[in-house]
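Here the structure is laid out as structure tokens; the discussion comes afterwards.
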Amino acid sequence: MPTLVIGNKNYSSWSLRPWLALKAAGVDFDEQVIPLNQPDTKEHLDKVSPAGLVPVLIDGELTVWDSLAIIEWAAEQGETPIWPEDPQARAIARSVSAEMHAGFYPLRKHCPMNIRRRNPPKERDPAVMADVARIEQLWSDCRARYGKGGPFLFGAFSAADCMYAPVATRIRTYSLPVSKESAAYIDAIYDHPDFRQWAEDGAAEPWTNPNSDID
Ligand SMILES: N[C@@H](CCC(=O)N[C@@H](CS)C(=O)NCC(=O)O)C(=O)O
């Protein structure tokens with residue numbers, strides 16, 4: 001059975017993505033949590049991860065150490081497809097996923113994932129709001145073009161939703177203003193059973209991270 005090594009669930013946004021994808025693809029796996037921002041975090045990370053980061057998937061001799069690479073591995077190993085079936089939709093799903101993987105640095109920096117926290121609205125750095133505007137535009141475009149069959153970006157839950165689930169939590173945690181349509185998409189993520197499980201596990205974790213417990 002493969003093992004997914006992850007950071008603690010309340011805070012590790014990169015870990016959430018492949019964890020959701022493995023579940024959605026129907027791949028059985030064990031999980032090992034390395035709490036982040038602890039005195040011994042680096043020592044534990046260096047033992048399992050060539051890049052010194054989580055998530056890492058370990059399957060026998062194979063180590064896969066990047067969230068999007070693990071999502072692709074899940075797509076190849078699992079019984080249930082996690083990319084849209086239509087080639088055009090699939091290409092767009094990969095584009096929006098890669099855009100998330102490589103971008104939105106101001107949002108990630110100023111609004112770190114902290115699922116169990118709720119902050120009241122406040123004025124945000126314009127670069128954060130520019131990221132949110134772009135995210136809402138691409139969510140709306142995916143929903144309008146491909147989302148007819150369900151509440152997610154491509155209708156059914158897909159790898160693209162795994163990539164954007166942490167963004168959904170940042171918008172909720174920091175009360176960032178979004179359209180009704182975006183709010184409905186965020187609700188759909190929060191209603192997804194696997195996401196709910198992750199959030200419940202994260203809420204029960206004992207560790208805190210002052211770098212992410214911010215307003
Ligand atoms: N590009 C990597 C990024 C992974 C990453 O930045 N992981 C963070 C946790 S969310 C980490 O391991 N940080 C090390 C630390 O906090 O000590 C991926 O997609 O997997």
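Whatever order the structure lists them in is the order used to number ligands and atoms, beginning at 1. Values below: all heavy atoms of this structure, side chains included; hydrogens, waters and symmetry mates excluded.
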Practice problem: Would you mind finding which of V54, L68, L45 brings a heavy atom closest to atom 8 (C) of ligand 1? | Solution: V54
Self-check item: side chain to side chain donor-acceptor pair (under 3.5 Å) partners for H101, two or more places apart
Solution: D66
Exercise. Only pairs at least two apart or in different chains count here, so list each side chain to side chain donor-acceptor pair (under 3.5 Å) that has a residue in residues 19-29.
Key: W19-E31
Quiz item: Do any nitrogen or oxygen atoms of S13 lie less than 3.5 angstrom from nitrogen or oxygen atoms of ligand 1?
Solution: no
Practice problem: Return yes when H101 approaches ligand 1 closer than 4.0 angstrom through a heavy atom, no otherwise. | Solution: yes
Quiz item: Does at least one non-hydrogen atom of G7 fall below 4.0 angstrom from an atom of ligand 1?
Solution: no
Practice problem: Mark yes when over 12 heavy atoms from residues, nucleotides or ligands other than W65 sit less than 6.0 Å from its CH2; otherwise mark no. | Solution: no
Quiz item: Which one holds for N37 and ligand 1: side chain close, backbone close, both close, or neither close, with close meaning a heavy atom under 4.0 Å?
Solution: neither
Self-check item: Side chain, backbone, both or neither: L53 near ligand 1, heavy atoms under 4.0 Å
Solution: both
Exercise. Establish, yes or no, whether the cationic atom of R17 lies under 6.0 Å from the six-membered ring centre of W14 and within 45° of the ring axis.
Key: yes
Quiz item: Think R196 forms a cation-pi with Y190, using NZ or CZ under 6.0 Å from the six-ring centre and within 45 degrees of its axis?
Solution: no
Self-check item: L36, I71, N211, I70: member with heavy atom nearest to atom 15 (C) of ligand 1
Solution: L36
Quiz item: Would you call S12 a ligand 1 contact, heavy-atom distance under 4.0 Å?
Solution: yes
Practice problem: Just say parallel, tilted or perpendicular for the rings of Y164 and W139, cut-offs at 30° and 60°. | Solution: perpendicular
